[in-house]
Number of protein chains: 2
Amino acid sequence: MLQTFFMPENEQFQYLKAYYMHLLPSLTEENWKVTEQVLKVRTFKKGELIVKEGQVCNNVSFINKGLVKMYFMVNGKEKIIGFCNELNYICDYQSFLTRKPANSYVQALENTEVVETSFDDLQMIYEKVPEANKLGRKIAEGLFLEMCEANHSQANETIIQRYRKVISDHPWLMQRVPQYMIASYLGITPEALSRIKSRVHNKKKSLVVI
Amino acid sequence: MLQTFFMPENEQFQYLKAYYMHLLPSLTEENWKVTEQVLKVRTFKKGELIVKEGQVCNNVSFINKGLVKMYFMVNGKEKIIGFCNELNYICDYQSFLTRKPANSYVQALENTEVVETSFDDLQMIYEKVPEANKLGRKIAEGLFLEMCEANHSQANETIIQRYRKVISDHPWLMQRVPQYMIASYLGITPEALSRIKSRVHNKKKSLVVI
DNA sequence: TAAAGTTCTTAACCCAAATCAATATTTTTC
DNA sequence: GAAAAATATTGATTTGGGTTAAGAACTTTA
């Protein structure tokens with residue numbers, strides 16, 4: 001009964017609402033209603049681009065279902081900077097926040113359903129719903145912390161350590177994306193990752209033998 | 001006359017106030033007064049540690065005068081992650097936001113004067129002054145954008161490009177810190193930076209000759 | 001200004017990953 | 001289920017930065 005009361009009108013918004021409530025338990029039903037007004041559901045087929053270099057990124061998109069990759073084009077090659085699956089936000093925040101053309105791409109790796117909020121609507125919410133600023137602050141702080149982690153890992157860990165972390169932190173990644181994309185994400189060539197894997201694997205075998 | 005009206009009581013807070021007003025033009029005198037209550041001026045001698053690994057970072061410190069380096073200790077060597085001079089914030093935000101022990105150090109490279117706000121005071125301000133959340137959001141967003149830039153540069157530019165960027169973006173750095181620290185910041189050894197410099201230099205010379 | 005302490009440069013050698021290239025394996029498509 | 005496409009592996013060669021070591025050029029201090 002209680003749960004029904006908290007369910008958003010549109011069932012497709014339930015995950016996003018739960019996410020907001022988690023970050024901001026004081027969020028009122030009334031304020032949620034204001035927010036709900038501006039949400040849009042959108043779907044992307046596998047392979048479709050959600051963010052494109054050169055275009056201003058106008059939405060933050062919360063993934064209900066699916067998987068995307070974020071990448072830059074560097075000398076004609078794609079350099080993957082991250083993957084994003086269910087219950088996470090897709091956005092080129094650099095473009096979104098600065099209102100400048102994106103220099104990244106986001107592409108659906110699977111058919112993907114998202115809940116969008118546009119930049120203008122978000123600013124409207126910040127004005128109408130003061131506590132949204134607190135939510136916005138917490139989301140920005142969270143993004144910053146994530147970026148710190150990534151940076152630290154990139155700079156101070158060996159590639160083997162980072163490879164192990166990837167497969168232990170996101171075991172689903174290995175099932176859902178080809179290895180050469182993980183190589184790109186780690187910042188090495190597919191050949192190098194293949195060699196590292198065989199090194200790691202052989203070391204494990206010899207440990208068992210000894 | 002107008003300017004006098006806007007001057008904070010304590011002249012040592014003027015830069016910080018200007019910074020706040022820049023990010024949040026709607027900041028009222030009244031709300032500034034609340035903020036001013038909790039500010040503390042503090043000085044560090046060259047060489048002193050402002051943030052120490054293992055201790056929770058309890059303050060954000062706005063630099064009035066001076067220069068600091070931020071670094072990690074990695075296998076007994078320091079890995080510099082950034083420099084910070086006048087009109088910027090010093091903080092291990094990871095530690096500050098998560099309330100966990102810092103894994104970074106911040107050390108004064110020159111005698112340094114800062115204006116501090118403690119974590120608890122900041123939370124108090126967020127409660128008492130709702131618009132502070134907007135300021136906090138903007139600061140967090142700004143930090144995130146900076147981190148994006150750094151990350152992108154680290155991942156997608158050659159060391160020569162990054163070296164050139166450092167000297168063109170922060171020419172004062174070369175005057176104020178020794179080259180081996182810049183090497184550490186770029187993520188290479190002092191020897192490698194020395195070689196790169198001579199490479200860059202020789203290329204320039206030969207261009208002139210041709 | 002001499003001596004000591006820092007910082008910077010150069011050289012020789014080493015190693016991990018990039019590149020280039022060929023082949024093997026898996027997945028998709030018809 | 002065969003052919004085509006995509007992905008993964010392995011080998012040979014190159015390359016850029018690490019390491020070690022020595023000496024040169026600056027700074028500081030007395």
Side-chain angles (χ1 to χ4, degrees), chain A residues 45-47 67 69 71-80 83 107-111 153-164 166-167 172-205, chain B residues 45-47 67 69 71-80 83 107-111 153-167 172-206:
Chain A
K45 289 236 178 296
K46 176 175 179 175
L67 176 63
K69 70 177 174 192
Y71 59 100
F72 294 106
M73 291 305 295
V74 180
N75 307 322
K77 286 175 200 157
E78 61 178 65
K79 166 74 184 75
I80 294 177
F83 302 94
Q107 187 186 36
L109 294 178
E110 302 172 359
N111 295 334
S153 166
Q154 180 97 17
N156 300 316
E157 292 174 11
T158 67
I159 285 173
I160 293 187
Q161 289 174 310
R162 292 176 54 224
Y163 169 67
R164 289 204 162 118
V166 167
I167 56 176
W172 54 270
L173 250 192
M174 310 300 288
Q175 315 306 320
R176 289 170 81 177
V177 315
Q179 187 175 301
Y180 73 89
M181 288 191 189
I182 292 172
S184 169
Y185 176 58
L186 289 171
I188 58 178
T189 58
E191 294 93 330
L193 180 54
S194 182
R195 274 173 204 134
I196 285 163
K197 271 182 65 179
S198 76
R199 248 197 289 160
V200 169
H201 193 245
N202 289 333
K203 209 175 271 174
K204 269 192 197 156
K205 265 203 287 191
Chain B
K45 289 236 178 294
K46 177 176 176 174
L67 176 64
K69 69 175 173 192
Y71 60 100
F72 293 105
M73 292 305 295
V74 181
N75 308 324
K77 286 174 198 158
E78 62 176 65
K79 167 75 184 72
I80 294 177
F83 302 95
Q107 187 185 37
L109 294 177
E110 301 173 359
N111 295 334
S153 167
Q154 180 97 18
N156 300 316
E157 291 174 10
T158 67
I159 286 173
I160 294 186
Q161 289 174 309
R162 292 176 54 222
Y163 170 68
R164 289 204 163 116
K165 193 183 240 177
V166 167
I167 57 178
W172 55 269
L173 249 192
M174 311 300 288
Q175 315 307 319
R176 289 170 83 177
V177 315
Q179 185 175 300
Y180 73 88
M181 288 190 189
I182 292 173
S184 169
Y185 176 58
L186 290 172
I188 57 178
T189 59
E191 293 91 334
L193 179 54
S194 186
R195 274 181 290 209
I196 284 163
K197 270 182 66 177
S198 75
R199 247 197 290 161
V200 170
H201 194 243
N202 288 335
K203 211 175 273 177
K204 269 191 196 156
K205 263 203 288 192
S206 66

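Proteins get letters first, then strands, A, B, ... in listed order; numbering begins at 1 in each.
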Taking 4.0 Å as the cut-off, does a side-chain nitrogen or oxygen of T189(B) come that near to OP1 or OP2 on dG17(D)?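 No, outside the criterion.
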
When all nucleic acid strands are considered with a 4.0 Å heavy-atom cut-off, which category describes I159(B): base, sugar-phosphate, or nothing?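 Sugar-phosphate only.
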
Protein-nucleotide distance (M181(A), atom CE; dT27(C), atom P), rounded to Å: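 From M181(A) CE to dT27(C) P: 15 Å.
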
Write down the distance between CD (Q161(B)) and C1' (dG17(D)), rounded to a whole number of angstrom.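 Atom CD in Q161(B) sits about 17 Å away from atom C1' in dG17(D).
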
Distance in angstrom units between Q179(B) CD and dC26(D) P, rounded: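 Going from Q179(B) (CD) to dC26(D) (P), I get 12 Å.
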
What residue among V166(A), I167(A), I160(A) forms side chain to side chain contact (heavy atoms under 4.5 Å, CB included) with Y163(A)?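 Answer after filtering V166(A), I167(A), I160(A): I167(A).
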
Identify which one of F72(B), F83(B), Y71(B) satisfies the ring-ring contact (aromatic ring centres under 6.0 Å, His included) criterion when paired with Y185(B).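 Single ring-ring contact (aromatic ring centres under 6.0 Å, His included) partner of Y185(B) among F72(B), F83(B), Y71(B): F83(B).
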
K79(B) has an atom NZ; how far is it from atom C1' of dG18(D), in whole Å?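 So the NZ-C1' distance, K79(B) to dG18(D), works out to 15 Å.
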
Which nucleotide, dC8(C), dA12(C), dA18(C), lies nearest any side-chain atom of R195(B)?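 Ranking dC8(C), dA12(C), dA18(C) by closest atom to the R195(B) side chain puts dA12(C) first.
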
Select one nucleotide: of dT19(D), dG18(D), dA17(C), the one nearest the side-chain heavy atoms of E191(B).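 Comparing dT19(D), dG18(D), dA17(C) against the side chain of E191(B), the answer is dT19(D).
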
Nearest atoms (heavy-atom pairs only) where K79(B) meets N156(A):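 Heavy atoms only, the tightest pair is CG-OD1, 3.7 Å.
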
If you compare every side-chain N and O of R199(A) against the phosphate oxygens of dT9(D) (OP1, OP2), does one of them come in below 4.0 Å?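 No, because none of the side-chain N or O atoms of R199(A) sits under 4.0 Å from OP1 or OP2 of dT9(D).
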
Give the minimum heavy-atom separation between K45(A) and N111(A), together with the two atoms involved.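 The pair with the smallest heavy-atom distance is CA-OD1, 3.3 Å.
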
Tell me the interatomic distance from Y180(B), atom OH, to dG18(D), atom P, rounded to whole angstroms.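 After rounding, the gap between these two atoms is 17 Å.
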
Of the nucleotides dA17(C), dG17(D), dG18(D), which one has an atom closest to the side chain of I196(B)?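 Minimum distance to the I196(B) side chain belongs to dG17(D).
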
For I188(A) and dT15(D), what is the distance between atoms CD1 and P respectively, to the nearest whole Å?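 Atom CD1 in I188(A) sits about 21 Å away from atom P in dT15(D).
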
Using whole Å, report how far NZ of K197(A) lies from P of dA24(C).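 Checked: the NZ to P distance equals 19 Å.
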
Contact between Q107(A) and K69(A) at the side-chain level, heavy atoms closer than 4.5 Å - yes or no?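 Side chain of Q107(A) against side chain of K69(A), heavy atoms only: contact under 4.5 Å found.
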
Round to a whole Å and report the spacing from CG of L193(B) to P of dG18(D).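 Checked: the CG to P distance equals 10 Å.
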
